[in-house]
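Contents: one structure, followed by commentary.
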Number of protein chains: 4
Amino acid sequence: MPQTARKRRPEARPDEILDAALAVFGEQGFAQARVEDIAKRAGLSKGAVYLYFPSKDAMLNALVEQSAGKLARAAEQLVAIGAPGDPETALRSLIRMLLTAMSDPDISAAPRLVLTEAGRSPEIAAHYRSQVLDIARRAMGRLLEAGVASGHFRPVDRDALMRVMGGPCIAHMVLTTIFDLPPKDITDPAEMADALCDLILFGLVPREEAA
Amino acid sequence: MPQTARKRRPEARPDEILDAALAVFGEQGFAQARVEDIAKRAGLSKGAVYLYFPSKDAMLNALVEQSAGKLARAAEQLVAIGAPGDPETALRSLIRMLLTAMSDPDISAAPRLVLTEAGRSPEIAAHYRSQVLDIARRAMGRLLEAGVASGHFRPVDRDALMRVMGGPCIAHMVLTTIFDLPPKDITDPAEMADALCDLILFGLVPREEAA
Amino acid sequence: MPQTARKRRPEARPDEILDAALAVFGEQGFAQARVEDIAKRAGLSKGAVYLYFPSKDAMLNALVEQSAGKLARAAEQLVAIGAPGDPETALRSLIRMLLTAMSDPDISAAPRLVLTEAGRSPEIAAHYRSQVLDIARRAMGRLLEAGVASGHFRPVDRDALMRVMGGPCIAHMVLTTIFDLPPKDITDPAEMADALCDLILFGLVPREEAA
Amino acid sequence: MPQTARKRRPEARPDEILDAALAVFGEQGFAQARVEDIAKRAGLSKGAVYLYFPSKDAMLNALVEQSAGKLARAAEQLVAIGAPGDPETALRSLIRMLLTAMSDPDISAAPRLVLTEAGRSPEIAAHYRSQVLDIARRAMGRLLEAGVASGHFRPVDRDALMRVMGGPCIAHMVLTTIFDLPPKDITDPAEMADALCDLILFGLVPREEAA
DNA sequence: CATGAATGAGAGTTCATTCAT
DNA sequence: CATGAATGAACTCTCATTCAT
């Protein structure tokens, strides 16, 4: 007896709704997206959505957890594993992970939506902060500590480093996705990640050549 | 002899309205702000606002021109003047200018509001792009060229540099203003600017000491 | 067991709203009528009206279909059935139907409202034209053809006849309903219809008496 | 010393304004027309218009007086002069005058605008009634009396005749101007007037031929 | 006479959320 | 669980009219 698509996984409903929400938010933006569109895309009625999420804002928060939060936790893992041994490689991996994520519209959607809605809703801001930013900040702090301890990194300010590492990722997303200003000469995200890493690691000023 | 409210300084009206708009947008966000609140703050009736601006969106665009546009043009000037002689100092000045601006809620308001509304309105996005981003991008391009020509800078990718220089400024604004995550150890924006410059110029990896 | 206001007769809602719209439009005119008044009269909230009609204009168009459109189709039927056999009687019946309709404020409301709004909205004009005028014109054309073919009518111009038959009905409505100039000596609409038919059929000039 | 156009005839201002109003009302309709547009077209400021007319509605009423009222008085004259001698010719002239007027957008503008606004404003309705309709009705009554007295016309009901004579003129205007349904086969207004007169005078039913 | 800045009431439409069924 | 009809608050923009100058 074949199950219909609709009844297949009743326990998967929340995820189905979030998938739909991601798609609709991504296409139209949070404010422009109508809950009914999300419901339809998920094969549900408008009212049913409210059985799973108490509000539209809550959907965004759930999306943040599922998407950006997962990414942040992965970044944390990456640092935890890689930083003690080879902080420079860990940093490269980290930046590449973030930049690649920001280049993928589906993954960058949550941060982008939060950027748009956080000013309106302190709850959304606080949630993103706790689910993403605090984790990322902690990871960067550890990476920095490890690098400094092993002599790979200079002892710079942690918050400055967070801005220098995270900022380009945000900027890349904002410029590419919102302002349609993708990089002209570097088309591959991985290549761009490497260019950014080189800059972050070695700076703009040329190093003295060993005589 | 007190002047009546009417016709007091008719030629100053647009600026008065923009001042009020800046304040109200800053407090409540663009979408949440009601035109009537702006009008009241400017000492006008709702309808009078529309004598000077055709729409709410137009107010934001005007704000962009007045605030971020002016900043972008100043940055361009700074680069035009300083880059040929001393690109490193020019870059330091530039970053300090941007970072300080982003630390001031009144100046960072326009970019912040645009970040929120650009996704909804292609016109706002295009306006900001042409009034701010294109100018900034051009200035950074010139700064880079000058620095490379004089041997002060490595020949890095221009768009990567734009992300590395602009990103931390955006990140600083977003983290400080929206997510209430100001730097912990560096409280002075100028100091933070210097820290960022050091990182951007010299990188995270320690330089070989001259023996 | 009293039903709650909600969901009482969901399938009758559109008609209930149209009834209310007819009443409110009739009392206040289209432009002056507020959607909320219509909603209240229909026992609904303002927003609920938009579940059934996409706009205020659409309500007027629906009213046209329901009221004047039905009348036009009835006129077409009448002609189709009666004209082949006895065109003169068919014409009398037709005029009487139209004149009586125009004498009833509820039935003449739609044409009257369209007369007011068609200048503003090409859509409303086109809708009325296709739903009412084209049908009436076609019917009159057929009536004329049948009458001419059977020798009952002179072969006059079709559009002139439409003006001579339809014009008095419009004039009657306009004079009676808008300008409060009802006929002085003939109080019964049917009687007025007969007087008009006599004029249309036999003309103002007396016929030669058979010797 | 050449006078500027603006200052040439200060006493002609009201007429200049009415000319502008006629043009703007005709192009956009009464409700859609903005007083400022009328003022601009008349070479005046918005406020100045109110030195000559107390309200927008008053402009329409003045237009009625100047345009339709003049026509009605001309019709009255025509009847007063022609009806006693040759009522049939007088009626033909009258219909031709009315039909031709209704075919000219500039002349039919006032009745058309009144048709649109009378439902909203009893004052406009009353004004049109007294300035146009009552006069026309009186003239038709006299024409009918004269024709009946001289044996040229059958003794029909006066209000019915008014509907039969005026109706086609209104219908012609409405169909042609508002619903874009001009006559297909008769393109010349004078010809259409003749066709209408033939119908009104001799009826649709063929006359017995004198043996 | 003339200006034009200012007023302020006004209404259609949208949509997140609720709840009777 | 699910539906979908219903709610009701919110807000921009328009424009006839006024009046200080």
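Every chain is numbered from 1 and lettered A, B, ... according to where its sequence line falls, protein lines coming before strand lines.
Both distances falling under 3.5 Å, in either a Watson-Crick or a G-U wobble arrangement, place dA11(E) opposite dT12(F). Using N1 to N3 plus N6-O4 or O6-N4 for Watson-Crick, or N1-O2 and O6-N3 for G-U wobble, each under 3.5 Å, dA20(F) pairs with dT3(E).
Across all strands, Ala33(B) comes closer than 4.0 Å only to sugar-phosphate atoms, never to a base (heavy-atom distances).
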Verdict with reasoning, Glu123(B) to His127(B), per side chain to side chain contact (heavy atoms under 4.5 Å, CB included): CA-CA 6 Å; Glu123(B) 286 74 32; His127(B) 187 259; over 6 Å; no
Please assess Glu117(A) against Lys56(A) for the test salt bridge (Lys or Arg N to Asp or Glu O under 4.0 Å), listing each intermediate value before the final yes or no. CA-CA 12 Å; Glu117(A) 303 305 319; Lys56(A) 199 181 171 188; over 6 Å; no
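Following rounding to the nearest Å, Lys56(B) (NZ) and dC13(F) (P) show an atom-to-atom distance of 8 Å. To the nearest angstrom, P of dC13(F) lies 8 Å from CE of Met59(B). Remark: C1' of dC15(E) and CZ of Phe30(A) are 12 Å apart, rounded to the nearest angstrom. Protein atom NZ of Lys40(D) is 11 Å distant from nucleotide atom C1' of dG4(E), rounded to whole Å. The distance from atom CZ of Arg120(B) to atom C1' of dT12(F) is 12 Å, rounded to the nearest whole Å.
For dC1(F), neither phosphate oxygen OP1 nor OP2 lies less than 4.0 angstrom from any side-chain nitrogen or oxygen of Arg13(A). Contact annotation: Lys46(A) does not reach the phosphate of dG4(F) (side-chain N/O to OP1 or OP2, under 4.0 Å). For Tyr52(D) and dA2(E), the shortest distance from a side-chain N or O to OP1 or OP2 is below 4.0 Å.
Judged purely by atom type and a 3.5 angstrom limit, Arg112(D) has no side-chain atom pairing as donor or acceptor with the backbone of Ile178(D).
Residues Leu113(B) and Phe30(B) approach most closely at CD2-N, 3.6 Å, considering heavy atoms.
The residue among Ala31(C) and Gly47(D) whose nearest nucleotide of DNA chain E is located toward the 5' end is Gly47(D).
Set against dT7(E), dA16(E), dC1(F), the side chain of Leu51(A) has dC1(F) as its closest nucleotide. Comparing dT7(F), dC13(F), dT14(E) against the side chain of Ser45(C) picks out dT7(F) as the nearest.
dT21(F) and dC1(E): their C1' atoms are spaced 13 Å apart (whole Å).
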